[in-house]
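Note sheet for the following structure.
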Amino acid sequence: MSFCSIRVTAALLAAALTALATAPPAAAAEEPDLIFRRSTVFKLLSPDDKLATYGVDDPAVEGVACHFTVPEKGGYKGWLGLAEQVSDISLACRQIGPIRFKAKASQGEDMFRQRRSLFFKKMQIVRGCDAKRNVLVYMVYSDKLIDGSPKNSTSSVPIMPWGANDTIQKCGDYISG
């Protein structure tokens, strides 16, 4: 391999890595709303490690919101966005109004996605339907390109009437699999 082809290959690799690093995080829902952060590990000269709680509305199901808490690495690597975030994520989803399905969806479809490291790890909230019980089921997990990540959390939202004139929709009519 010639020096010129090595330079071209290196330039292409650098361009691809830069594109990955600067691309906006893939997300089915809009960016989550930061509710609050709490410091967990004090760092003298750099940002502390924190727990952060966020809220996000389900983009395909009106009337459902999810809140999740994620650890955020501090230190200089965390401050620069180079630290790989851990996979411990908690999740709670609730009905916050009348539930209306905006479109048909598939079981296990992404509701929200967020990058958790510079290249290889992402957190996902996926949505499903327990048709027998008419319950929306949300699961959060993070995956890593190399070896996966088994840590997860699940939350259920039973579809209930919201007011006297609310008609209850069946999740099985909109989510299939």
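Just the heavy atoms: all of them, side chains too, but no hydrogens, waters or symmetry mates, feed the values below.
- Connection of Leu51 to Leu91 is not established within any shared hydrophobic cluster, with ILVMFWY side chains joined at heavy-atom distances below 4.5 Å, either directly or through further cluster members.
- Linking ILVMFWY residues whenever their side-chain heavy atoms come closer than 4.5 Å, directly or via other members, leaves Val137 and Phe112 in distinct clusters.
- Contact detail for Cys129 and Gly172: the closest heavy-atom pair is SG-N, 3.3 Å.
- Residue Ser176 holds its OG atom at 7.0 Å from NZ of Lys104, rounded to the nearest 0.5 Å.
- Between Asp88 atom CG and Ser142 atom OG the span is 8.5 Å, to the nearest 0.5 Å.
- Scanning both residues, Arg94 and Val157, for their nearest heavy atoms gives N-CG2, 3.9 Å.
- Contact annotation: the side chain of Met111 approaches that of Val56 to within less than 4.5 Å [non-hydrogen atoms, C-beta and beyond].
- The shortest heavy-atom contact between Arg127 and Ala60 is NH2-CB, 3.5 Å.
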| task | With salt bridge (Lys or Arg N to Asp or Glu O under 4.0 Å) as the test, would you mind laying out the steps for Asp110 and Lys122 before giving the verdict? | result | CA-CA 12 Å; Asp110 282 356; Lys122 65 182 178 287; over 6 Å; no
| message | With side-chain contact (heavy atoms from CB on, under 4.5 Å) as the criterion, how do Ile159 and Leu136 come out once you've worked through the C-alpha distance, each side chain's angles and the decisive distance to 0.1 Å? | response | CA-CA 7 Å; Ile159 300 174; Leu136 291 165; 4.1 Å; yes
| request: Dump the intermediate steps for salt bridge (Lys or Arg N to Asp or Glu O under 4.0 Å) on Lys50 and Glu72, then the final yes or no. | output: CA-CA 5 Å; Lys50 296 176 176 68; Glu72 294 180 343; over 6 Å; no
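- Under a hydrophobic clustering in which Ile, Leu, Val, Met, Phe, Trp and Tyr are joined whenever their side-chain heavy atoms come within less than 4.5 Å, directly or via other members, Ile96 and Val64 fall into different clusters.
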| said: Determine whether Ile125 and Phe68 satisfy the following criterion, side-chain contact (heavy atoms from CB on, under 4.5 Å), listing intermediate values before the conclusion. | reply: CA-CA 9 Å; Ile125 300 175; Phe68 60 92; 3.8 Å; yes
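- Under a hydrophobic-cluster definition in which Ile, Leu, Val, Met, Phe, Trp and Tyr are linked whenever side-chain heavy atoms come within less than 4.5 Å, directly or via other members, Val140 and Leu34 are assigned to the same cluster.
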| request: Check step by step if side-chain contact (heavy atoms from CB on, under 4.5 Å) holds for Gln169 and Asp173. | output: CA-CA 8 Å; Gln169 293 187 321; Asp173 295 340; over 6 Å; no
| request: Show your reasoning for whether side-chain contact (heavy atoms from CB on, under 4.5 Å) applies to Met160 and Ile168. | output: CA-CA 7 Å; Met160 305 296 286; Ile168 299 175; 5.9 Å; no
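- Summarising the geometry, atom CD1 belonging to Ile35 is positioned 4.5 Å from atom NE2 belonging to His67; distances are rounded to the nearest 0.5 Å.
- For Ser155, the side chain to side chain donor-acceptor pair (under 3.5 Å) test picks out no residue, with sequence neighbours left out.
- Residue Lys170 comes nearest to Asn134 through the heavy atom pair CA-OD1, 3.3 Å, listed as atom of the first residue, atom of the second, then distance.
- By the 4.5 Å heavy-atom criterion applied to side chains, Trp162 and Gln95 are counted as neighbours.
- Note: Phe101 and Tyr174 have parallel aromatic rings, judged against thresholds of 30 and 60 degrees for the angle between ring planes.
- Between Pro32 and Gln114, the closest heavy-atom pair is CG-NE2, 4.0 Å.
- A donor atom on one side chain and an acceptor atom on the other are not found under 3.5 Å apart for Ser153 and Ser90.
- When all heavy atoms of Ala105 and Glu109 are compared, the pair lying nearest together is CB-OE2, 3.6 Å.
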